[in-house]
Amino acid sequence: MPRRSSDRPRVVLLVLMAAALTLLTAQFKDFLPVDEFQQGFRDVISPIRKVIDRATDPFQTVWKGIFEYDEVSEENERLQLEIARMRGAELKDEADRELLERLLGEVDIDYLELETVVARIIGVPGGNYNSHVVEINKGTDDGLLEGAGVITKAGLVGYLYEVDRSSSLVRLATHPDFRVGVRLINSQDEGLARGNGSQGIVILDAGISIDSEVSIGEVVVTSGGRSIFPQDIPVGRVIDPDQEADYARSIEIDLSASLENLSFLNVILETKENLDK
Amino acid sequence: MNTWLRVLTLLIAAAILQSSIFTEIRIDGTGVELLLLIAILSGYHGGPIRGAYVSFWTGLVNDCVVAAPLGIHALIYPVIAVAVSNLEQRFIDERRFIRALGIAAGVATGVILTAAVGDIFGEQLFNSTSLPETAIVAGVITTVFSKPVSNVVNWTVSSGTPKEVETHFSGSVR
């Protein structure tokens, strides 16, 4: 008896691949409610997920104790150093305050007055598909919208790229797909910075001319305009101005917010006041 | 229980585990690829056709869990399941270590293929320098969980397929 075409592995494989490509096209062309379907799926499993997370907490702690002992130890050391630094900082508070005021005056920072929602980081998505992404415990129920900028008091962190009802995913500034318009404080030159997958660094490689004077330590802030970020949010400081570039410049910026040690974040709300800034 | 009902139950349970406890089980930032493991094992236990169908749905579930464009994992997983199914006949009598190595290689290949397809669709996922390391670590850490997952997947996808037959002359034949 001849075999049906659906019994042939190659035919089945081709049909399934065609179905997957159709779904991908549907998502990229936006002609099926694929996003809503995915969000709905995550929303449905979310309550059970939270219960399992809570129930397996001791196991997760043991795992971290075994496999991340060095990191926990380093974190402990870092925090102790931080405490020591803070104690020392108290002594030269006066001088620092003067410096801070000068810096704030220099960049005209008013980003601390933005209306934000404070969110806690609850982890990273499963598997390895999403690197440079963290999950937070606030979603559409808290008024968050896709594309909203995410900051800390230290500066730029990333943006929301997937928002469910009670949680969201934040794409960090170091993600290779991250782009942000920035301004150099001294020269007032504006360009486009991007993540490159390296920890704590973004690259400014578009918009800055070869002969622009850029110095090490120069403060970089968001340029605003049509960007999802209001202007003057601190991005970081230049650590390599790539002064000897012949053709295209690739300026390295050390992010001011420490993305490796985040616990809480501020998501910028799209209020009229914020949009005006 | 109906096979497809079993598959549905398995996939929902796997999705919950992948997005809860397995988000924390990481070594140097690299996590377990539970759903990719299920796709590989469905090819191993279910044969090329059943394996392809199960792994396609596994891929779709993974796309939902990790918020990837719907279809990226579903495009890769059936290919891996069919490849594993074809190789399975050669490795069935091999020692456990060799089979574990095969699973690790399958997971690593899956991670690399997903990154490659993601790149084609404009999703830059990894540094090209960190990808091989991520793939290898993911392969090893995922293989650690392969024994219990294999039993569950075997129970899920093998119902209705012919059982092993003991022949008098040639030992075990499938």
Checking heavy atoms, do the side chain of [X], its backbone, both or neither come under 4.5 Å from chain A?
{"X": "B:Leu37", "value": "neither"}
{"X": "B:Asp63", "value": "both"}
{"X": "B:Ile76", "value": "neither"}
{"X": "B:Val82", "value": "side chain"}

Chain B contact via [X] - side chain, backbone, both or neither, heavy atoms under 4.5 Å:
{"X": "A:Arg171", "value": "side chain"}
{"X": "A:Arg42", "value": "side chain"}
{"X": "A:Leu24", "value": "both"}

Please rank A:Asp57, A:Ile45, A:Asp164, A:Val15 by heavy-atom pairs under 4.5 Å with chain B and give me the top one.
A:Ile45

Quick check: are there more than 12 heavy atoms from other residues, nucleotides or ligands sitting under 6.0 Å from CZ of A:Arg194?
yes

A:Phe28 atom CZ, over 12 foreign heavy atoms within 6.0 Å
yes

Out of curiosity, [X] [atom1] to [Y] [atom2], how far, rounded to the nearest 0.5 Å?
{"X": "A:Asp53", "Y": "B:Ile16", "atom1": "CG", "atom2": "CD1", "value": "11.0 Å"}
{"X": "B:Arg26", "Y": "A:Asn128", "atom1": "CZ", "atom2": "CG", "value": "6.0 Å"}
{"X": "A:Leu21", "Y": "B:Phe121", "atom1": "CG", "atom2": "CZ", "value": "5.5 Å"}

Any idea which of [options] has the most non-hydrogen atom pairs under 4.5 angstrom with chain A?
{"options": "B:Pro48, B:Ala52, B:Pro69, B:Pro78", "answer": "B:Pro69"}
{"options": "B:Cys64, B:Ala67, B:Ala135", "answer": "B:Cys64"}
{"options": "B:Thr23, B:Thr30, B:Ile25", "answer": "B:Ile25"}

Non-hydrogen atoms of [X] and [Y] that approach each other most closely:
{"X": "B:Phe56", "Y": "A:Leu16", "result": "CE1-O, 3.4 Å"}
{"X": "B:Ser20", "Y": "A:Ile52", "result": "OG-CG2, 3.5 Å"}
{"X": "A:Met17", "Y": "B:Val79", "result": "SD-CG2, 3.9 Å"}

Please check this pair: side chain of A:Gln27 against backbone of B:Leu70, looking for a donor-acceptor N/O pair closer than 3.5 Å.
yes

Backbone of B:Ala68 reached by a side-chain donor or acceptor of A:Gln38 within 3.5 Å
yes

Take A:Tyr129 and B:Ile72, measure what side chain to side chain contact (heavy atoms under 4.5 Å, CB included) needs, and give me the verdict at the end.
CA-CA 10 Å; A:Tyr129 184 81; B:Ile72 280 204; 3.7 Å; yes

